[in-house]
Amino acid sequence: MDCKLVPMDRSHLAGVAALERLCFAVPWTEAMLAEELYNPAASFIVAEGPEGQVLGYAGLHVVLDEGYIDNVAVRPDCRRQGIGDRLLDTFCRFGQAHLAFLTLEVRPSNAAAVALYEKHGFQEEGRRKDYYTEPKEDALILTRRFQP
């Protein structure tokens, strides 16, 4: 399936919120997403299908030279199509040009996501104890550092 990456705007809110409900135990709501659109430290990109449907999205929060990737999500029926790779490539290229490092948190039991991040050069930096509640699990903190 073809897709294009575009900046998230208000027209994507319902599709991104639906994707959040599919992918996360504690999803962002449309209201939370709308508020984040006005956050000057946040950028969101959406993978749109040919008819404009939301196939995936990812967020990046930047403070000074530190970036935090938030909520990389791809529709379950599209996960083997390279959408997650394209979303991460975009943020890693930005990181290479502008940041000291990118970091993110993921469930260690989400082997597919951990493998995707490691493929993009992220390495384990530590764990956040008991971060996830249902099921109870630590968060794996992954970081990709960039050369100055």
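It should be emphasised that the depicted structure is a prediction, and the values quoted were computed from it without experimental measurement. The figures here come from the full heavy-atom set of this structure, side chains too, leaving out hydrogens, waters and symmetry mates.
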Contact between L102 and F146 at the side-chain level, heavy atoms closer than 4.5 Å - yes or no?
yes

Report the distance from atom CG of D77 to atom CZ of R75, rounding to the nearest 0.5 Å.
4.0 Å

Does D85 come within less than 4.0 Å of K119, counting only side-chain N to carboxylate O?
yes

What is the minimum heavy-atom distance between V106 and V114, and which atoms define it?
CG1-CG2, 3.8 Å

Closest non-hydrogen atom pair between R79 and C23, with its separation:
NH2-SG, 3.3 Å

Flag yes if more than 12 heavy atoms outside Q123 fall under 6.0 Å of its CD atom; otherwise flag no.
no

Considering the options V46, I45, V54, which one meets the side chain to side chain contact (heavy atoms under 4.5 Å, CB included) requirement together with M8?
V46

Extract all donor-acceptor atom pairs below 3.5 Å that involve side chains of residues 87-95 and protein atoms in other chains or at least two apart in sequence.
unit_1, atom_1, unit_2, atom_2, d
D89, OD1, H120, ND1, 3.3
T90, OG1, R86, O, 3.0

Where D138 and K129 come nearest, the two heavy atoms and their spacing:
OD1-CA, 3.4 Å

Provide the closest heavy-atom pair for T103 versus L142 in the form atom of the first, atom of the second, distance.
OG1-O, 3.0 Å

Specify whether F122 and Y117 have parallel, tilted or perpendicular ring planes, treating 30° as the upper limit for parallel and 60° as the lower limit for perpendicular.
perpendicular

Contact check, side chains of L37 and R10, non-hydrogen atoms, under 4.5 Å
yes

Is there side-chain contact between H61 and E66, with at least one heavy-atom pair below 4.5 Å?
no

Rounded to the nearest 0.5 Å, what separates atom CG in L60 from atom OG in S43?
6.0 Å

Measure the shortest side-chain to side-chain distance between P108 and R127 over non-hydrogen atoms and say whether it is less than 4.5 angstrom.
yes

Validation row: L99, V62 side chains within 4.5 angstrom (heavy atoms)
yes

With a 4.5 Å cut-off on side-chain heavy atoms, are V6 and H12 touching?
yes

Would you name the heavy atoms of I83 and C78 that are closest together and state the gap between them?
CD1-CB, 3.9 Å

Any heavy-atom pair between the side chains of E20 and M32 that's under 4.5 Å?
no

Just verifying a value: how many Å separate N110 CG and E137 CD, rounded to the nearest 0.5 Å?
8.5 Å

With clusters defined by side-chain heavy atoms of hydrophobic residues (ILVMFWY) lying less than 4.5 Å apart, directly or transitively, does V72 cluster with L140?
yes

Looking at A17 and L33, what are the two nearest heavy atoms and their distance?
N-CD1, 3.7 Å

Could you tell me whether the side chain of R21 reaches within less than 4.5 Å of the side chain of P27, counting heavy atoms only?
yes

Nearest-0.5 Å distance that lies between atom CD1 in I69 and atom CZ in R144:
9.5 Å

Is the side chain of Q53 donor-acceptor paired with the backbone N or O of E51 at a distance under 3.5 Å, no angle test?
yes

Joint hydrophobic cluster, V74 plus L55, side-chain heavy atoms closer than 4.5 Å:
yes

Can you tell me how far apart CG (D70) and CD (E105) are? Round to the nearest 0.5 Å.
9.0 Å

What pairs with R145 under side-chain contact (heavy atoms from CB on, under 4.5 Å), at least two apart in sequence or on another chain?
F101, E125, T143

Rounded to the nearest 0.5 Å, the CG atom of L22 sits from the CZ atom of F24 at a distance of 10.5 Å

